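I have placed the structure first, in the form of structure tokens, so that the comments after it can refer back to it.
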2 protein chains.
Amino acid sequence: MTTTIEDVAQAAGVSTATVSRALRGLPNVAPSTRDHVRQVAEALNYAIDSHASRLASGRSTTIGIVMPLADQWFYNRVSTSAEAVLSAGGYDVLRYSIAAPEEQTEALRRLISGKRVDGVLIINLALANADVSLMAEGTLPVVTIETDTGKFPAIGCNNVAAAQTATRHLINLGHRQIGLISGLPDDPMHFAIPLEREQGYRQALAEHGIEVRPELNVPGNFSFAGGAEAMAQLLSIHHPPTGVFALSDEMAIGALKTIRDVGLRVPEDISVIGFDDHDVAAYVGLTTIRQPVAGYGEQAARLLLARLSGEKAAGESRIELPTQLIVRDTTGPCREKGE
Amino acid sequence: MTTTIEDVAQAAGVSTATVSRALRGLPNVAPSTRDHVRQVAEALNYAIDSHASRLASGRSTTIGIVMPLADQWFYNRVSTSAEAVLSAGGYDVLRYSIAAPEEQTEALRRLISGKRVDGVLIINLALANADVSLMAEGTLPVVTIETDTGKFPAIGCNNVAAAQTATRHLINLGHRQIGLISGLPDDPMHFAIPLEREQGYRQALAEHGIEVRPELNVPGNFSFAGGAEAMAQLLSIHHPPTGVFALSDEMAIGALKTIRDVGLRVPEDISVIGFDDHDVAAYVGLTTIRQPVAGYGEQAARLLLARLSGEKAAGESRIELPTQLIVRDTTGPCREKGE
DNA sequence: TTGTACGCGTTATCAG
DNA sequence: CTGATAACGCGTACAA
């Protein structure tokens, strides 16, 4: 059978209470006793039963990460960097990947009401009011990334401003017909990011008196393939754009391929700017908006750890990390004659 | 406070036993009773305490995924695809990312002996004998991906043969000086994959009577940056290679940048082939060896699910999924005059 | 410094 | 079909 704390206690000739104290490094244990218990536990290959421990203590030293089920670079990078600091902080991580909106509330309930975890990290999810209040009524620390609730600390960037910067870059290069490769038209997950960035795009256009042409806004689903298809669509319309802003680097790279496949050159014929500064961006020379993706995960995890170690919540707060325009080789001056 | 099964029982006017049965869909509950209990539970916002449940039942409906802490595309893709099927199968996933070898045994102990999970999925880890026997002595189902133990089912590909195919492709194009961009020279994690692929490379060379030049084998650390640096090193040696085999697409793409940065053309001056068929590979025209990465995760998860639902273990088995040479634009005939 | 004994919230067994 | 109750393994007052 499995060895319990009782077994260790007997083998070591002490009580279970002493074993518990010794193994967890609590005070009030004679050094010699502690050493002895440790050796016996080691010899018996004893490991604390985390579930029993949680039941008795109320703490599970586990935190839940809830995020969309997608294998985009962004999610992986955020999650991985968060995991690294949580793990270093002594916490295990339970990962909930949400594939459809219906799962979301269910997963949160299991996590929150089920007392599975000591804290929750939410990455880029559109939380229903019910979800938010469910989490708000408890005492469980919650930190969010690119997810605005008005209740929990939120890490992210200023997507509107960043998108504005991207669009302005194109405008400053002389482009006036600017395509936008975005998310999904009727996105079931209701992601906020595409909306915010679209707004930044429109603001930049507006401040330069450029008319918004709806047919220049096409969905790309945040994937390489989606970006490629979107670009094909952009190329097929009457007055195709001379500059394109893709809301993610993946989509931008997809678009680049389509452009080159039809024999057009970048940036001579068409300029392309992405968003993220994906690991690969530098290697394909993609101009983009860099956002500190790993920073999101690390900061959020640290914030959670701080809360967990008793630090007072500073109320709802929004931490915006800086973004930066990285000019590489896919954007250049507009060569099209004005009309 | 938090609502317990007791609260629900009282509110519903039944015993806790009945609540438990009703909520879990067990037989021997009157339909009317079940409905009533469900409504009361819903109204009270009750959720089963998973830790208490596990303690009483012995099952946690959680599976652990243990993998290296790295944000390479491969790991994310494998893990995500596994998570998707595990989640659909009703299991939660606890993700352990191992940053250093020392953590590995510790993490496994916590997982196995700590009875945290009902099953374990191991991705690309070099398991010490102690680790293996620790897991083998229990009854916990274990499935591995790209990890050979001789004890547990292993999903993966034939890395030797696949690497041989890649190298032969270069040889068939007339290349004789073939560089290899590999892992780390004294990799602390002792990954087996680079070794296997290096062997395939050497075999292909041998079967064509091509001499192995040690200086043609440079480390690339499986990253874009590492690949770029490795390529710079390859370019700096006396007789630089005319063809390069990078053990991952990330490294291959890094190498491509270095080549183009120094004014050389691909594939006219140098051919490059990668490994993985990374999402981005098609978009940069990279010739590569495709391996069914998502398939690894899905198959492993399904295998685990089958074991969990009582299916007999078929003993140690090794499932090799097919790889495929995908020729794109980065490999071409060797133009160098023979010497 | 160490030991005793109870409680944590469920599940499972066994009566009824 | 339903209810009482004994585990499950550990943490923690409290007592010694």
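Everything quoted here is computed from the prediction, not taken from an experiment. Proteins come first, then strands; the chains are lettered A, B, ... in the order of their sequence lines, and each starts at number 1.
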Measure the distance from OH on A:Tyr46 to P on D:dG9 and round it to the nearest whole Å.
-> 10 Å
Just distance, no hydrogens or angles: give the donor-acceptor pairs under 3.5 Å from side chains in residues 298-306 of chain A, sequence neighbours left out.
none

At their closest point, which heavy atom of A:Phe152 faces which heavy atom of A:Ala136, and how far apart are they?
-> CZ-N, 3.8 Å
Could you tell me whether A:Glu106 and A:Arg110 make a salt bridge, using a distance below 4.0 angstrom between a side-chain N and a carboxylate O?
-> yes
Tabulated below should be each protein N or O lying under 3.5 Å from an N or O of nucleotides 14-16 of chain C; please produce it.
none

Send over the distance from B:Leu23 CG to C:dT10 C1', rounded to a whole Å.
-> 12 Å
Does A:Arg24 place a side-chain N or O at less than 4.0 Å from the phosphate oxygens OP1/OP2 of D:dT12?
-> yes
Contact check, residues 5-17 of chain A vs DNA chain D, heavy-atom distance under 4.0 Å, returns A:Ile5, A:Ala17
D:dG9, C:dT1, D:dC8: which one has an atom nearest the side-chain heavy atoms of A:Ala56?
-> D:dG9
Could you tell me the separation between the CG atom of B:Leu44 and the C1' atom of C:dG9, rounded to a whole number of Å?
-> 15 Å
B:Ser32 vs B:Ser57, nearer the 5' end of DNA chain D by closest nucleotide = B:Ser32
Among D:dC8, C:dT10, D:dC1, the one nearest any side-chain atom of B:Leu55 is D:dC8
Select one nucleotide: of C:dT11, D:dT2, C:dT10, the one nearest the side-chain heavy atoms of B:Ser20.
-> C:dT11
Between the side chains of A:Ser53 and A:Ser50, is a donor N or O closer than 3.5 angstrom to an acceptor N or O?
-> no
Out of A:Leu134, A:Val66, A:Val132, which one pairs with A:Leu127 under the side chain to side chain contact (heavy atoms under 4.5 Å, CB included) rule?
-> A:Val132
Would you kindly give the CZ-to-P distance between A:Arg54 and D:dG11, to the nearest whole Å?
-> 13 Å
Give the C-alpha distance, both sets of side-chain angles, the deciding distance and a yes or no for salt bridge (charged side-chain N to carboxylate O under 4.0 Å, His left out) between A:Arg116 and B:Asp49.
-> CA-CA 7 Å; A:Arg116 288 212 69 162; B:Asp49 182 315; over 6 Å; no
Charged N-O contact under 4.0 Å between A:Arg109 and A:Asp131 | no
Which one, C:dT10, C:dT1, D:dC10, comes nearest to the side chain of A:Asn28?
-> C:dT1
Is the closest basic N to carboxylate O distance between A:Arg95 and B:Asp92 below 4.0 Å?
-> no
In whole angstroms, how far is the P atom of D:dC10 from the CG atom of A:Leu26?
-> 15 Å
B:Ser81 and B:Arg77 side chains, donor-acceptor separation under 3.5 Å | no
Consider the side chain of B:Asp49, meaning its heavy atoms from C-beta on, and name the nucleotide among C:dG9, D:dC10, C:dA12 that approaches it most closely.
-> C:dG9
Whole-Å gap separating C1' (D:dC8) and NE2 (A:His51) | 12 Å
